[in-house]
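All remarks here apply to the structure that follows.
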Amino acid sequence: MLCFRRRMTLPFYVMALILNIVTDALQIIGGNATAVQYGTAVLPCKLTDTSETLLQILWQRLTRGKPQKDDFLTISRTGETKFLNGKDYRFKFIGDFNDKNGTLQLSNITVMDEGRYICIFTLFPSGNHETSVPLNVLVPPITSLKENHLTLGNEEVVFATCTAAKSKPPAEVTWLTGTLAEKVKIITNSIVEDTGTTTTESMLLGVPTREISGHTVECVISNDVRSEKESLPFTIKINSPPLEVKIIERSANVFQCLSEGYPTPDFSWSRSDQSWPSSGVRTEGATLQFLSTTSDLNGLYQCKASNTHGSQQAYLKMLFTPGSCPACWTLFSLLLILNVAAVVFGYLYKTGRLPSLNLRRQQGSLNLRGEQGTPEEMQKVRIASGTSDDNQRVEEEEHEEESAATHQ
Ligand SMILES: *[C@@H]1O[C@H](CO)[C@@H](O)[C@H](O)[C@H]1NC(C)=O
Ligand SMILES: *[C@@H]1O[C@H](CO)[C@@H](O)[C@H](O)[C@H]1NC(C)=O
Ligand SMILES: *[C@@H]1O[C@H](CO)[C@@H](O)[C@H](O)[C@H]1NC(C)=O
């Protein structure tokens, strides 16, 4: 610098020296600006420590939306602002020309506004002095969770995809899988868009088994824009036809049909060996209630559990006898419709692995037996009521039959 100055003519050297002293003291206070998308930012710019005359303030930008340096606004000595190269009223001059404060406010910010804003003070006599104000734009992610339609199977499938789209800086996507941690897999991918935002997608995979069905997991999205984490819970629902239809006695003469399946099965009752009784019995969804105990209500009642994937039945045999027995009933579970289930059932039945239940209730008046079988096999089931001697006899016969069957 000194070498350069020595070669100058004396008057110019003196002038340059004076200006140097003046400009050395001069300062421009700028700063960094950060804004959340659609928010407002202040672009600070103030000239201090100079007594020179300010002629004009010019703002330039170099942003994602304007990648070429763009003169976009001037502020004249009267404090009047003028847009150059198109009007963008989101910019507002909030400084004070006389105070050499060129501060701008920018509202409704988008990622396209991100970049550098250059504030140039034109002074007399020293000329232009500038500073650059970086603007950083934060974009919160657009979050979503897409659940896949799942059916029971042995192959690994995608249960759900959790997405944090168009976020800046990139969002972090994780899963809280609790007890399923060992049984699921997570695959996460990110794509950086042209606008500088990032879309992060995380998939939760696993084998759609019955144990997994009904578990709730959570996708957790965290980002620097909003300090709190966002949690998107979801329950893994594995579609299946109604399974294991059961009838239980909830209270005296009130029966309830139970079955698992997804979507939740609908239940319907009918009397499969006769028409529905004209009175004395009431149904409400899965519940069957006998309001009276007359023999015209006797028969084989069917509970059918069905959903969009199939149906399955269970049976309840009612036998009301005058006097001694208030309610004599037998349960049958029938695995129909579902071929797979029927095959399994047939196997279990043949191998004698189905539960055989012998209960004696109200000694001497009711013999309750639960059995499972096909309609033909149901004939084997007898309902016994009456004296305890009779029951004794029936049970003995049963035992004989059973042992006979075992020896076959
Ligand atoms: C402004 O941001 C830049 C980088 O973006 C950083 O180096 C600088 O220290 C920041 N200045 C202030 C005043 O925050
Ligand atoms: C410049 O003007 C802005 C807006 O009125 C104000 O907030 C800021 O404090 C001023 N800067 C200085 C250094 O006085
Ligand atoms: C903000 O900008 C968007 C598009 O850039 C526009 O549709 C919207 O009307 C603006 N909102 C305001 C309040 O200026």
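Counting starts at 1 for both ligands and their atoms, in listed order.
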Crowding at NZ, Lys166 (>12 non-hydrogen neighbours, <6.0 Å):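 At most 12 heavy atoms, drawn from other residues, nucleotides or ligands, come within 6.0 Å of this atom.
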ring-ring contact (aromatic ring centres under 6.0 Å, His included) partners for Phe124, two or more places apart: none
Contacts table for ligand 2: protein N or O within a distance under 3.5 Å of ligand N or O, distances only.
residue	atom	partner	partner atom	Å
ligand 2	2 (O)	Asn101	OD1	3.3
ligand 2	2 (O)	Asn101	ND2	2.3
ligand 2	5 (O)	Ile94	O	2.9
ligand 2	11 (N)	Asn101	ND2	3.0

Reference residue Glu114; test side-chain contact (heavy atoms from CB on, under 4.5 Å); the match among Thr34, Asn136, Thr195: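 Checked Thr34, Asn136, Thr195 against Glu114; only one passes side-chain contact (heavy atoms from CB on, under 4.5 Å): Asn136.
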All pairs passing disulfide bond (SG atoms under 2.5 Å apart) where residues 43-145 contributes a residue, at least two apart: Cys45-Cys119
Of all pairs that satisfy disulfide bond (SG atoms under 2.5 Å apart), the ones with a partner from residues 131-185, not counting sequence neighbours: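 Counting only pairs at least two positions apart or across chains, the disulfide bond (SG atoms under 2.5 Å apart) contacts touching residues 131-185 are Cys162-Cys219.
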Heavy-atom check, side chain of Phe267 versus side chain of Lys304, under 4.5 Å: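 With C-beta onward as the side chain, the pair stays apart.
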